[in-house]
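Note that this is a predicted model, so its numbers are computed, not measured.
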Amino acid sequence: MNDRGGTFDGVHRRNLSKVLRLVHLEGAMSRARLTALTGLNRSTVATLVAELVDLGLAVEQPPDPTNRVGRPSPVVAADPHVLALAVNPEVDAVTMAAVGLDGRIPIRERIEVDHLPSPEETADLVAATRDRWVAGELRRARLVGIGLAVPGLVRASDGLVRWAPHLEWTDAPLRALVEQATGLPAAVGNDASLGAHAEHLFGAGRGVDDLVYLNGGASGIGGGLVVHGRLVGGTGGYAGEFGQNRPGIADPGDRRAEGGVLEDEVSRSRLLEVAGLSNADEPTLAAALAASTAPEVAAELARQRRILATALANAVNVLNPSLVVLGGFLATVAESDPADLERSVGSQAVAAAFEEVSIRVAALGEDRLMIGAAEAALSPLLADPLAAGRN
């Protein structure tokens, strides 16, 4: 019988997954709390926790001494030594981080590049960085996989990067290359979709079932959709490419790229230019723009807000979300005048569709893509701790 879902073994594996997901998503909690949330009895929870500890996936800590009501219950947490590597290749840098099953990020590094990294160079860089970290800061870590957040179209079935135009990648077998270079299982996804997943689980969209997420990075603008609590990928996994839509521009004077798409007009490179920077990470660019009193900076932010507002109004009209989340340089554009952005979106959206919409910036900041990529790498472990834990 190939499907063990209805057997005792299948039920046991689902219960292990349920307990591990809870401490992963919610953080450390008492056995009593786990019992209440899972609906399982105390002895079953105790057995499951003990098994997760034996598998090296969870740790038990002494009960909180301040909790004097009832019998003290041990506290269960995800093992902090279990980590996934997260990678975001971009046109100006390859960013890597180690993200723990407990949600911590013990190490992060932005490796700037002076040319477009090829898929092969990216795989070699990931392997070299992994080796260096394992010999140093991560010498006690247990690495279970690698997640890659790529600014392009990624085929859901096999992780093939069909098209990453700014990186100039076409049909790149990135997953296979990274697995061959590192010996670790890898998962590849679109950067914005992974960012949307991270914000939905841990950030601004936590607890929100219908949201639209737009991410602005060095390669342009991507997006992710959560509908009825589920990330929407589309038939091939390519849903959410807002940056490739043709923007409506009311004032011809606002146009900078004749016939261009949204990411040609609402652009990080244009913000770097008016800020007088050749390259910068997200916090550096945001700080430079916020500190500037130059009229050309204010004018460019206002121009990009106007065009972004039209794109957001179209998304609200089509998808009727309760939340719009903006990450990367789009968060900087929004925060330059959030009231103006909201007014402009509201004036162009269908009134009834906009009534219950909130517009927020990504709560996870520059960690959102790292967390999203790590979630993709941790997914097999969370789905079946018994199989993945033994491996």
Side-chain angles (χ1 to χ4, degrees), residues 86-97 105 107-118 121-122 125 129 149-152 164-169 191-192 195 213-223 242-243 247 249 253-258 260-309 311 325-338 340-341 361-370:
V87 185
N88 174 221
E90 265 289 7
V91 297
D92 57 350
V94 177
T95 302
M96 288 185 59
I105 301 181
I107 186 169
R108 175 192 178 97
E109 187 172 341
R110 174 183 163 92
I111 305 165
E112 295 194 356
V113 293
D114 59 4
H115 64 281
L116 296 178
S118 70
E121 288 174 320
T122 300
L125 183 59
T129 305
V150 177
H166 299 279
L167 288 170
E168 298 182 1
W169 294 0
D191 58 350
Y213 170 83
L214 268 69
N215 183 70
S219 287
I221 295 173
F242 291 99
I249 300 179
D254 278 346
R255 186 173 291 281
R256 297 292 182 271
E258 191 61 39
V261 295
L262 177 64
E263 63 185 32
D264 294 323
E265 297 288 353
V266 180
S267 161
R268 182 175 178 270
S269 63
R270 297 184 190 281
L271 294 176
L272 285 168
E273 184 179 353
V274 295
L277 298 170
S278 60
N279 197 0
D281 59 14
E282 288 176 15
T284 302
L285 175 59
L289 292 170
S292 175
T293 57
E296 58 267 27
V297 169
E300 179 60 20
L301 285 167
R303 186 192 72 85
Q304 294 201 21
R305 274 199 316 272
R306 288 192 291 272
I307 299 171
L308 177 62
V325 180
L326 300 172
F329 79 84
L330 296 182
T332 301
V333 172
E335 289 186 311
S336 64
D337 193 336
D340 177 66
L341 178 66
V361 299
L364 301 177
E366 60 177 348
D367 290 334
R368 68 199 180 281
L369 300 186
M370 298 293 98

Side chains of [X] and [Y], heavy atoms from C-beta outward: is any pair under 4.5 Å?
| X | Y | answer |
| --- | --- | --- |
| V361 | T332 | no |
| L272 | F329 | no |
| V150 | W169 | yes |
| L167 | P117 | yes |
| F242 | E263 | no |

Hydrogens and angles aside, do H115 and E121 bring a side-chain donor and acceptor to less than 3.5 Å of each other? yes

Give me the one residue out of V325, N215, L214 that meets side chain to side chain contact (heavy atoms under 4.5 Å, CB included) with L330. L214

If you look at every heavy atom in [X] and [Y], which pair is closest and at what distance?
| X | Y | result |
| --- | --- | --- |
| V113 | V91 | CG2-O, 3.8 Å |
| L341 | A334 | CD2-CB, 3.6 Å |
| R270 | Q304 | CB-NE2, 3.8 Å |
| A257 | D264 | CB-CB, 3.8 Å |
| D254 | I307 | O-CD1, 4.0 Å |
| P151 | P89 | CD-O, 3.2 Å |

Return the set of residues passing side-chain contact (heavy atoms from CB on, under 4.5 Å) with N279 (not counting sequence neighbours), or none when no residue passes.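 N279: side-chain contact (heavy atoms from CB on, under 4.5 Å) contacts with D92, R110, E112, R268.
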
In residues 280-292, what donor-acceptor pairs under 3.5 Å come from side-chain atoms, sequence neighbours left out?
residue	atom	partner	partner atom	Å
D281	OD1	T284	N	3.0
D281	OD1	T284	OG1	2.6
E282	OE1	R368	NH1	3.2
E282	OE2	R368	NH1	3.3
E282	OE2	R368	NH2	2.8
S292	OG	A294	N	3.1

Counting only heavy atoms not in E273 (residues, nucleotides, ligands), do more than 12 fall under 6.0 Å from its CD?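 No, because the 6.0 Å sphere around CD of E273 holds 12 heavy atoms or fewer from other groups.
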
CD1/I221 to OG/S267 distance, rounded to the nearest 0.5 angstrom?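 Those atoms lie 8.0 Å apart.
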
Under the side chain to side chain donor-acceptor pair (under 3.5 Å) rule, collect the residues that match up with T129, sequence neighbours excluded.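 Here no residue qualifies.
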
Side-chain ion pair, R108 and D367, N-O less than 4.0 Å: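 A salt bridge is present here (some side-chain N lies under 4.0 Å from a carboxylate O).
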
Note: D340-R305 ion pair, threshold 4.0 Å (strictly below):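 Between R305 and D340 there is a salt bridge, with a charged N closer than 4.0 Å to a carboxylate O.
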
Verdict with supporting geometry, L271 and L277, side chain to side chain contact (heavy atoms under 4.5 Å, CB included): CA-CA 9 Å; L271 294 176; L277 298 170; over 6 Å; no

Walk me through whether M370 and N88 qualify under side chain to side chain contact (heavy atoms under 4.5 Å, CB included). CA-CA 7 Å; M370 298 293 98; N88 174 221; 3.5 Å; yes

Under the 3.5 angstrom rule, does the side chain of R303 hit a backbone N or O of E265 as a donor-acceptor pair?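 Between the backbone of E265 and the side chain of R303 there is a qualifying donor-acceptor contact (under 3.5 Å).
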
